[in-house]
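Everything numeric in this text was worked out from a predicted model, so none of it was measured.
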Amino acid sequence: MPVSISPGYASFAGAKGLDHPRIAHAGNWYDATITATTTDGNPIYSTGALQNSLLFERWRPSSGRSFLTLDYGAERWVDYCAIAGDTLKESGCVLRLQAYGAARTNHCIYSEQFQRADWERYDVAVAIDPALAPDGSLSAERIVASGGTDFPNIRQRVFPGGGNLNGRTFTFSVWLWADPGEPDRALVRIFDGATFSNRVEVWVPVTETPTRHHVTMTVPVDWDPASLWVGVSLDQYQPGGISMYAWGAQLEEGPAPTSYVPTYDDVTAESSLHDVTSWLDLGSGSPAFALFPAQRLSRLLVRIDKGRPEIGFIRSGLAMTMETRSRYVGRTPFDLARQVTLTGNRSVRGDFLSRVKLRAGQPLSFAWSHLSEEFAQTEIGAFMRAIEDDVFVIADRPGTHPHDVALCWTEGAVPGPAANGAMDLHDFELTAQGYVNV
């Protein structure tokens, strides 16, 4: 989806609704040193660096699970990242934005491989990698009931270390979902590694949408356990063949789940990277506009988890929020604003000898009414100066029409805001060319 809105997002400057446009332009994005973990050169484009806003440069990872790092050189307030490229749609790109924070450890091993012996299985079988996981990889596994009389379940014994576990708080989390007609609930649990009787467990709903569920436990002082068991159970007395999907098991110390840290072998994993957004599936095209709660960052990482997209534009900063909604009357949806020139030649019999379709960008128009004098002088003034010689990205109605996103440029003069006769209020109109859903 071109617009991604993370939970808790709100405008940094105020509480304008998500039907107000958000705009990224050269006056609100930050200069950043951009480095890549892997780069696949291309003879058509320059791939050395992404140092300007033009589209003749691009970066393509040479393998999956690669990073682009935007280093601002100092802490900045950031609430958006805009990305555009030639093949985001075709590559099936799945990415997420991350930032550095406090280190934490996933104490579960083989966090996506429930068929391993370290995951004990009771009255269930595990089908290996039959479904797409939230990160876009084919790594989700299906937990299938074998028809026993007990709670069909998988569980792992975990040794968090760090001394006595008494009084410490742990959270176990895992993604669960199911096909239509399968069980609609599951049991997520933590229990002690000695008696199995001391436990905290919660029933969670299981739907067709992959959802991360968790359970939190503070170890009582009289338990004195050296280890914990964590696991997931289907409902009791399930007939054979009933199943659900599971992915991304994580046991960590703390009162709530944090960003997922995968473990691919029998060693626990530690990471200081925290998710700024969840996974963004860019299969519906670009440009993509990710909006998230404003936070102070010195570096932002773009993590490519799936696909090898060709990225030609990437910018981040603090988005401009338009003071009023876009004028609706006369407006054309972005994807329908096509202006195509067809040329062709015919033979004397009427057959086409050649036919050429020409289209550079899509003509777009925007209009806003009743802007305050202060907003016109400050925000609109900075916007006009920025778009004189650079592109901008607009999400026109991010909360209600997430596909109305365009990477735009102006041609000719840009008229300034004009007083509309109502007190000191102003109207502002703008025409531009734009790339939409490429």
Side-chain angles (χ1 to χ4, degrees), residues 102-126 141 143-146 148-176 183 185-206 211-238 242-271:
R104 70 262 187 259
T105 299
N106 182 1
H107 296 285
C108 288
I109 59 177
Y110 296 109
S111 61
E112 301 168 12
Q113 298 164 280
F114 302 111
Q115 82 284 1
R116 302 288 302 199
D118 301 271
W119 286 97
E120 296 189 7
R121 298 176 294 280
Y122 293 87
D123 291 328
V124 298
V126 176
E141 301 193 333
I143 312 302
V144 186
S146 57
T149 57
D150 202 353
F151 285 96
N153 70 89
I154 57 171
R155 66 190 187 200
Q156 182 180 123
R157 190 175 188 179
V158 182
F159 297 84
N164 197 307
L165 303 186
N166 289 348
R168 294 163 62 182
T169 300
F170 294 89
T171 297
F172 172 63
S173 58
V174 63
W175 275 266
L176 301 173
R185 70 172 189 168
L187 196 63
V188 181
R189 56 211 323 202
I190 301 179
F191 45 97
D192 76 86
T195 67
F196 298 97
S197 59
N198 300 310
R199 67 183 66 193
V200 177
E201 51 192 16
V202 294
W203 286 105
V204 299
V206 178
T211 304
R212 194 183 194 190
H213 299 287
H214 72 277
V215 59
T216 298
M217 180 188 71
T218 298
V219 180
V221 295
D222 58 345
W223 277 22
D224 194 27
S227 62
L228 299 172
W229 286 90
V230 296
V232 177
S233 175
L234 290 161
D235 212 341
Q236 198 171 19
Y237 306 121
Q238 292 292 338
I242 291 295
S243 66
M244 66 180 176
Y245 298 102
W247 182 82
Q250 178 158 301
L251 178 71
E252 59 192 298
E253 189 160 2
T258 62
S259 303
Y260 172 54
V261 182
T263 58
Y264 301 114
D265 50 29
D266 59 355
V267 179
T268 60
E270 179 180 296
S271 176

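Annotation: side chain of Glu112 is in contact with side chain of Tyr264 (closest heavy-atom distance under 4.5 Å). Taking 4.5 Å as the limit, some side-chain heavy atom of His213 sits within range of a side-chain heavy atom of Pro205. Under the 4.5 Å side-chain criterion, counting only non-hydrogen atoms from C-beta, Val261 is in contact with Gln250. Residues Tyr245 and Val206 form no side-chain contact, since every pair of their non-hydrogen atoms from C-beta on lies 4.5 Å or further apart. The closest side-chain heavy-atom distance from Leu176 to Val188 is below 4.5 Å. In this structure the side chain of Thr216 reaches within 4.5 angstrom of the side chain of Thr169, judged on heavy atoms. Within the 4.5 Å cutoff, side-chain heavy atoms of Thr268 are placed close to those of Ile109. Considering only heavy atoms from C-beta on, Arg212 comes within 4.5 Å of Pro257 through its side chain.
Taking the side chain to side chain contact (heavy atoms under 4.5 Å, CB included) definition, one finds that Gln115 meets it with Gln113, Val126, Ile128, Glu141, sequence neighbours left out. Scored by the salt bridge (charged side-chain N to carboxylate O under 4.0 Å, His left out) test, Arg104 finds no partners at all (sequence neighbours excluded).
Shown here for Asn166 and Pro220, the closest heavy-atom pair between the two residues is OD1-O, 3.3 Å. Nearest heavy-atom pair, Leu165 versus Gly161, reported as atom, atom and distance to 0.1 Å: CD2-O, 4.0 Å. Across all non-hydrogen atoms, the minimal contact from Pro160 to His107 is O-CE1, 3.3 Å. Heavy atoms only, all atoms of each residue included: Asp235 and Pro152 are closest at O-CD, 3.3 Å. Contact between Val174 and Trp247 at its shortest, heavy atoms only, is CG2-O, 3.5 Å. Taking all atoms of both residues into account, the shortest heavy-atom contact from Phe114 to Ala249 is CE2-CB, 4.0 Å.
Distance CG/Asp123 to CG/Asn153: 8.0 Å, rounded to 0.5 Å. Taking CH2 of Trp119 as the reference point, atom CD of Gln156 lies at 4.5 Å (rounded to 0.5 Å). If you take CG on Leu251 and OG on Ser111, they are separated by 12.0 Å, rounding to the nearest 0.5 Å. In this structure, CZ on Phe172 lies 12.0 Å from CE on Met217, to the nearest 0.5 angstrom. Taken to the nearest 0.5 Å, the CD1 atom of Ile190 stands 8.5 Å off from the CZ atom of Phe170. Rounded to the nearest 0.5 angstrom, Asp118 CG and Ile154 CD1 are separated by 12.5 Å.
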* List the steps, then state whether side chain to side chain contact (heavy atoms under 4.5 Å, CB included) holds for Arg155 with Tyr122. => CA-CA 9 Å; Arg155 66 190 187 200; Tyr122 293 87; 3.1 Å; yes
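Of the residues listed (Asn106, Thr171, Thr258), the one engaging Glu252 in a side chain to side chain donor-acceptor pair (under 3.5 Å) is Thr258, and it is the only one.
The closest donor-acceptor contact from the side chain of Thr218 to the backbone of Arg168 lies at 3.5 Å or more, if one exists at all.
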